J.: 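Here's a structure for you.
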Amino acid sequence: MPELAEVAFYSKKWAPGLGERVTEVVCRERARIYRTAEAAQIRLGLRGRQLTEIRTRGKQMMFVFGDASLGLHLGMTGELLVAGRAHEPGKHDHLVIRQAKRSLVFRDPRMFGALKFAPVAEPDWWKELPPDVLSRGFSKDMVLRYACRRAGLPLKAFLLQQETFPGIGNWMADEILWRCRFYPGRKTGSLKRNEIIMIWEETRKVSRTALRVIGERWGDVPKSWLFHYRWRDGGKCPRDGTTLRREEIGGRTTAWCPKCQGK
DNA sequence: GGAGATGTTTCAAG
DNA sequence: GCTTGAAACATCTC
């Protein structure tokens with residue numbers, strides 16, 4: 001489920017635990033989410049420490065516990081929630097961080113999510129993440145350069161590259177291309193300079209609004225967005241009423257309007 | 001029962 | 001060496 005705004009939203013779920021000490025960490029060690037981190041390290045590393053900071057960057061989250069940090073990626077079906085102090089872990093609750101008054105829970109049925117532990121507050125992997133799409137580091141130049149390098153990719157696949165568009169996922173990529181009126185299967189290399197700049201601009205607009213309405217309180221993005229119609233069979237383009245098409249492009253199911261986006 | 005799912009990594013081919 | 005596309009991962013829902 002989670003893209004940029006959903007990740008921001010879920011990260012705040014653990015906010016009630018800020019400033020509180022960890023009393024116990026329960027890990028379902030065999031779960032696949034531990035393929036990138038050792039359960040024993042997480043258990044020992046977090047125990048007794050306070051949750052001091054919550055950060056997100058694209059689809060990545062980082063929970064700082066004093067001098068240690070827990071990286072968390074929600075994958076496809078991950079979610080964070082807060083439960084009671086003695087919460088009995090459900091079938092898909094692979095990590096439960098207990099505090100005096102609550103449990104911080106990471107639930108993930110498909111287990112495409114992942115964890116990272118580091119005994120420092122700001123680990124190297126975090127420092128190396130690409131600039132946020134709403135930061136100054138996400139520059140037109142950077143996107144233009146990158147478009148040259150990935151000239152052979154269909155636009156849909158181009159927008160899903162996390163090294164350039166961190167946080168953009170399937171629905172956001174469709175939304176951005178729909179706003180630009182570009183056919184998602186069009187090759188990136190066929191775009192003119194000003195068309196790439198349109199992608200840069202719309203990426204920021206879609207991200208800003210999504211963060212505001214979904215990221216803050218899981219609200220609804222505007223009715224005029226493709227978002228509301230893209231999964232429904234026979235869904236219509238909110239701009240011109242044309243029946244949307246759905247096909248796999250760039251390796252993911254893609255919805256687009258054959259009239260205003262071509263093909 | 002079968003298809004498909006808001007994601008990433010890995011591997012092989014070009 | 002770089003780019004690209006497909007497969008794999010594991011479970012649930014429609």
Side-chain angles (χ1 to χ4, degrees), chain A residues 1-11 13 28-37 56-61 71-80 89-95 106-116 125 128-130 133 145-179 184-190 203 206-207 209-211 213-215 218-221 225-235 244-256:
Chain A
M1 188 189 290
E3 303 182 22
L4 184 69
E6 292 88 347
V7 169
F9 176 81
Y10 280 128
S11 74
K13 288 277 186 175
R28 178 167 285 126
E29 291 194 41
R30 287 193 321 226
R32 196 168 173 266
I33 61 162
Y34 291 99
R35 68 195 178 284
T36 48
T56 69
R57 195 85 164 275
K59 294 175 192 169
Q60 303 284 346
M61 300 189 259
L72 212 151
H73 192 294
L74 295 172
M76 198 88 110
T77 52
E79 64 176 304
L80 300 186
K91 189 175 172 192
H92 306 297
D93 297 346
H94 310 303
L95 171 66
F106 177 21
R107 177 175 294 171
D108 184 7
R110 273 177 89 178
M111 295 190 284
F112 288 180
L115 296 169
K116 285 191 178 99
W125 70 266
E128 287 157 12
L129 292 177
V133 296
R145 269 200 310 278
Y146 195 71
C148 290
R149 200 172 120 204
R150 299 292 176 136
L153 285 182
L155 289 175
K156 176 62 179 275
F158 178 58
L159 274 164
L160 290 174
Q161 300 293 315
Q162 298 300 297
E163 45 179 321
T164 308
F165 299 97
I168 302 302
N170 207 13
W171 81 254
M172 292 184 86
D174 283 1
E175 196 74 43
I176 291 162
L177 293 171
W178 175 76
R179 290 164 70 111
R186 186 170 160 191
K187 287 278 189 282
T188 302
S190 76
T203 296
V206 168
S207 300
T209 304
L211 276 171
V213 302
I214 299 174
W218 205 266
D220 269 343
V221 297
W225 284 27
L226 183 70
F227 180 90
H228 298 286
Y229 315 94
R230 61 187 300 280
W231 285 121
R232 210 178 311 150
D233 237 354
L244 299 172
R245 286 192 58 182
R246 228 162 39 204
E247 233 172 74
E248 185 169 309
I249 298 179
R252 307 294 300 281
T253 301
T254 300
W256 80 98

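Below, chains carry the letters A, B, ... as their sequence lines are ordered, and counting in each starts from 1. Please read these numbers as outputs of a predicted model, since none were measured by experiment.
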J.: Between C:dT11 and A:Lys91, is there an OP1 or OP2 to side-chain N/O distance shorter than 4.0 Å?
T.: no
J.: Could you tell me whether A:Leu153 contacts a base, only the sugar-phosphate backbone, or nothing, with contacts defined as non-hydrogen atoms closer than 4.0 Å?
T.: sugar-phosphate
J.: Quick one: do A:Ser207 and A:Ile168 satisfy side-chain contact (heavy atoms from CB on, under 4.5 Å)? Show the steps, please.
T.: CA-CA 8 Å; A:Ser207 300; A:Ile168 302 302; 3.8 Å; yes
J.: Output the rounded distance in Å from CH2 (A:Trp171) to P (B:dG4).
T.: 24 Å
J.: OP1 or OP2 of B:dA5 less than 4.0 angstrom from a side-chain nitrogen or oxygen of A:Thr253, does that happen here?
T.: yes
J.: Under a 3.5 Å limit for both distances, which nucleotide forms a Watson-Crick or G-U wobble pair with C:dA10, could you say?
T.: none
J.: Which one, C:dG5, B:dG7, C:dT4, comes nearest to the side chain of A:Arg150?
T.: C:dT4
J.: Taking the six-membered ring of A:Trp225, is the NZ or CZ of A:Arg179 close enough (under 6.0 Å from the centre) and on axis enough (within 45°)?
T.: yes
J.: Ignoring backbone atoms, test whether A:Arg252 places a side-chain nitrogen or oxygen under 4.0 Å from the OP1 or OP2 oxygen of B:dG7.
T.: yes
J.: Please confirm whether the shortest side-chain N or O distance from A:Arg149 to OP1 or OP2 of C:dT3 is below 4.0 Å.
T.: yes
J.: Under 4.0 Å between a side-chain N or O of A:His92 and OP1 or OP2 of C:dT11?
T.: no
J.: Is there a donor-acceptor contact under 3.5 Å from the side chain of A:Glu128 to the main chain of A:Trp125?
T.: no
J.: Check each of A:Phe227, A:Trp231, A:Tyr229, A:Trp178 against A:Trp171 using the ring-ring contact (aromatic ring centres under 6.0 Å, His included) test, and report the only one that passes.
T.: A:Phe227
J.: What is the nucleic acid contact for A:Gly251, judged by heavy atoms within less than 4.0 Å: base, sugar-phosphate only, or nothing?
T.: nothing
J.: Would one find a side-chain N or O of A:Gln162 under 4.0 angstrom from OP1 or OP2 of B:dT8?
T.: yes
J.: So, A:Phe112 and C:dC9: ring centres less than 5.5 Å apart, planes less than 30° off, yes or no?
T.: yes
J.: From C:dA10, B:dG7, C:dG5, pick the nucleotide closest to the side chain of A:Arg110?
T.: C:dA10
